[in-house]
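Below: the structure, in structure tokens.
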2 protein chains.
Amino acid sequence: MVTIKDIAARLKVSPSTVGRALADDSRISEATKQRVTEVANEMGYVANLAARMMRGVSSNLVGFVLPDIRNGFYSTVAHALSKCLQRGGFQLTLSETDDDRLVELHHIRELTSANVAGIIIVPTAKPHPDSVKLLKMLPHIQLLRRHASLGEQWFGIDDTQAIYAATSHLVQLGHHRIGYIGATDELPTGSARLKGFHQALPRGENVNPALVQLVAPGSIDIGREATRRLLSLPTPPTAIVAGSVQTTQGVLEELTAQGVRVPDDLSVVGFGDEIGFRWWGPGLTTVGLPVYDLATACGLWFVHQIKDNAVTSAPYTSISPATLIVRGSTKQLAPASGRRIASPRRRTVVSG
Amino acid sequence: MVTIKDIAARLKVSPSTVGRALADDSRISEATKQRVTEVANEMGYVANLAARMMRGVSSNLVGFVLPDIRNGFYSTVAHALSKCLQRGGFQLTLSETDDDRLVELHHIRELTSANVAGIIIVPTAKPHPDSVKLLKMLPHIQLLRRHASLGEQWFGIDDTQAIYAATSHLVQLGHHRIGYIGATDELPTGSARLKGFHQALPRGENVNPALVQLVAPGSIDIGREATRRLLSLPTPPTAIVAGSVQTTQGVLEELTAQGVRVPDDLSVVGFGDEIGFRWWGPGLTTVGLPVYDLATACGLWFVHQIKDNAVTSAPYTSISPATLIVRGSTKQLAPASGRRIASPRRRTVVSG
DNA sequence: CTGAAAGCGCTAACAA
DNA sequence: TTGTTAGCGCTTTCAG
């Protein structure tokens with residue numbers, strides 16, 4: 001490995017001169033700079049980041065801590081972040097937690113010891129106290145999910161509004177028995193979405209608890225099972241709202257497997273607009289999320305924070321709205337199948 | 001930041017004792033070790049990787065250089081690798097090249113200067129000479145794609161066989177005019193797949209060049225356009241083979257948009273088994289790839305290499321076979337639409 | 001404008 | 001079993 005010393009020796013100058021020349025220090029003559037950079041290139045010099053980091057400079061690494069990269073949601077985010085950060089001279093590292101707080105802690109430890117410039121995190125439901133402690137010492141932003149203990153820096157979407165829009169679309173189509181399959185309300189996103197679901201239902205309507213299926217995040221199959229449970233109810237729902245990308249995929253798989261006719265027998269609204277949602281059955285009506293833009297905004301802001309050394313603890317929150325994309329998987333509830341309950345009361349129609 | 005010295009001071013021992021205790025050195029008494037680890041935890045000590053690296057030890061970072069993480073193909077790989085490496089105590093960093101060799105070079109430079117333990121790479125078509133030079137100095141493995149200049153360490157799938165299987169399936173169903181949409185043959189995978197396509201066609205059959213659409217990798221829309229070109233041919237194909245995940249998605253999107261009836265008007269075989277391929281139209285007949293297992297094998301082997309300090313230049317190649325998954329998107333060519341050419345000759349039926 | 005020297009946190013050779 | 005010391009490559013005072 002060729003060091004600053006080697007260059008210095010070759011040029012018969014001191015190491016510090018070389019160091020300064022490479023750092024484009026104003027006190028070094030142009031002539032010297034030129035010679036130095038020339039020789040450096042010639043000898044194939046690459047700065048030793050480790051040594052640099054020892055001098056207090058943090059690395060150009062930014063940790064991205066997330067549940068699972070296979071989720072199209074997150075891989076889009078990773079891509080956007082990676083682009084932004086790269087432009088800012090940073091490199092993204094990937095840490096998957098599988099929604100396990102201990103794994104999360106482990107990763108944060110690693111990242112800390114690697115002197116990362118900062119961390120962008122999609123936190124687990126209840127981060128470990130040690131994780132919180134460690135994050136306090138680093139620039140960090142929460143993405144999508146948000147946990148109070150991790151500070152006020154957050155980029156996310158309006159989860160409540162998203163599911164509200166999805167659900168009220170169905171309500172407006174005359175649906176009463178609407179099933180919901182989403183993440184546990186332990187997750188901040190989970191509870192926000194559930195709230196949106198409830199808000200959109202006509203006031204005073206009693207929701208059959210069996211219609212609300214809260215599942216652990218992380219697997220498509222869990223979504224499938226929940227769908228199966230809903231469909232095998234004595235009086236199954238006439239419509240289903242999926243409350244996450246993965247549950248959406250679970251719902252679609254199960255409906256396809258069971259051969260349920262959509263939208264004739266069942267209306268469905270998905271979450272997110274992953275590849276394939278458009279071509280599923282009659283086209284999936286779904287909640288479109290500005291994931292890419294959101295992540296880009298987050299990345300840009302993060303770079304700004306670190307580079308310009310802005311106060312890292314100042315609260316900053318960005319909430320992006322979701323938009324309903326209506327395709328073929330939802331339709332007006334046919335009077336026949338929509339067995340009305342007792343006295344049909346007026347629906348409070350609300351626009352999302 | 002709490003250092004080894006702080007712990008030493010607190011315990012009134014020397015820094016090296018603490019260092020050794022933490023490294024579980026055999027010469028340190030159990031009692032001391034216990035006290036040290038206790039205090040270390042209490043004070044929230046995290047080893048400074050930078051300092052460690054300065055001592056010659058390479059970091060626990062492994063670079064993963066790939067075209068685009070949004071491709072489900074690669075995000076699966078990333079997930080598998082991440083799992084493996086984590087178990088081995090490594091951390092994965094993400095470097096997206098967008099199939100640009102200069103970006104690739106840039107990333108490899110960065111990774112080198114970050115002292116990564118090694119690099120796992122899905123190389124661009126023609127890596128820059130400097131990239132080659134840099135990689136020579138690092139443990140590295142090629143994944144999926146393979147370029148001769150980057151050495152003999154490769155984990156991939158049998159691309160030729162994969163497309164061969166896809167194509168000969170169609171041939172056996174009586175198709176003659178089979179279109180192929182795949183990556184440029186500049187890419188090693190691209191040319192291997194194209195080869196498989198040609199091999200599967202009945203001998204002596206002249207392929208209309210217009211039926212073979214080679215496109216640049218990286219975008220679904222390019223696949224759509226190619227599909228459009230195929231469909232608007234004077235005598236369009238009766239079947240299409242997609243030669244990559246992204247072109248598959250492009251084909252599906254376009255066919256859906258145009259409302260082409262599959263498999264009645266057109267048979268389709270996809271590449272890879274992404275989420276949604278199962279539920280597209282009548283279910284997509286496709287080539288299933290053992291991506292996850294492949295990546296896991298690669299990760300395991302990589303960890304082994306680095307940890308056990310095995311000779312890094314010893315050639316090692318692992319080729320995984322693909323398997324055809326027959327669903328509803330392919331069917332026997334109806335005599336009517338399958339305008340036979342001159343004298344129908346015997347097909348050489350081959351099993352993939 | 002340039003040089004000398006100290007020190008970042010850790011490890012390892014050498015001493016005790 | 002533990003302590004002392006030197007040095008990894010770089011930045012950064014402090015002196016020229």
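In what follows, every chain begins at residue 1, and chains take the letters A, B, ... in the order their sequences are listed.
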Query raised in the report: Taking NZ from A:K5 and C1' from D:dC10, how many angstroms apart are they, rounded to a whole number?
Result: 10 Å
Query raised in the report: When all nucleic acid strands are considered with a 4.0 Å heavy-atom cut-off, which category describes B:R55: base, sugar-phosphate, or nothing?
Result: base
**Report entry** N/O donor-acceptor pair under 3.5 Å between A:Q142 side chain and A:G151 backbone
**Finding:** yes
Query raised in the report: A:N48 has an atom CG; how far is it from atom C1' of C:dC8, in whole Å?
Result: 13 Å
Query raised in the report: B:S29 side chain N/O closer than 4.0 Å to the phosphate oxygens (OP1, OP2) of D:dT2?
Result: yes
Query raised in the report: Closer than 4.0 Å, any side-chain N/O of B:T32 to the OP1 or OP2 of D:dT2?
Result: yes
Report task. Name the closest nucleotide to the A:M54 side chain, picking from D:dT12, D:dG9, D:dC10. Result -> D:dG9
Query raised in the report: Within the structure, does a side-chain N or O atom of A:S14 lie under 4.0 Å from either OP1 or OP2 of C:dG3?
Result: yes
Query - Length of the CE-P vector between B:M43 and C:dG9, whole Å - result: 13 Å
Requested in this report: Tell me which nucleotide among C:dG9, D:dG3, C:dA4 gets nearest to the side chain of A:S16.
Outcome: C:dA4
Query raised in the report: Does atom CD of A:Q34 have more than 12 heavy-atom neighbours from other groups under 6.0 Å away?
Result: no
Report task. Mind calculating the distance between CZ (A:R27) and P (D:dC14) to the nearest angstrom? Result -> 12 Å
Query raised in the report: Is the closest side-chain heavy-atom distance between B:I119 and B:F64 below 4.5 Å?
Result: no
Query raised in the report: To the nearest Å, how far apart are A:K12 NZ and C:dG3 C1'?
Result: 16 Å
Query raised in the report: Tell me: CG of B:L49 to C1' of C:dT11, nearest whole Å?
Result: 14 Å
Report task. Calculate the interatomic distance between B:R20 atom CZ and C:dG9 atom P; express it in whole Å. Result -> 20 Å
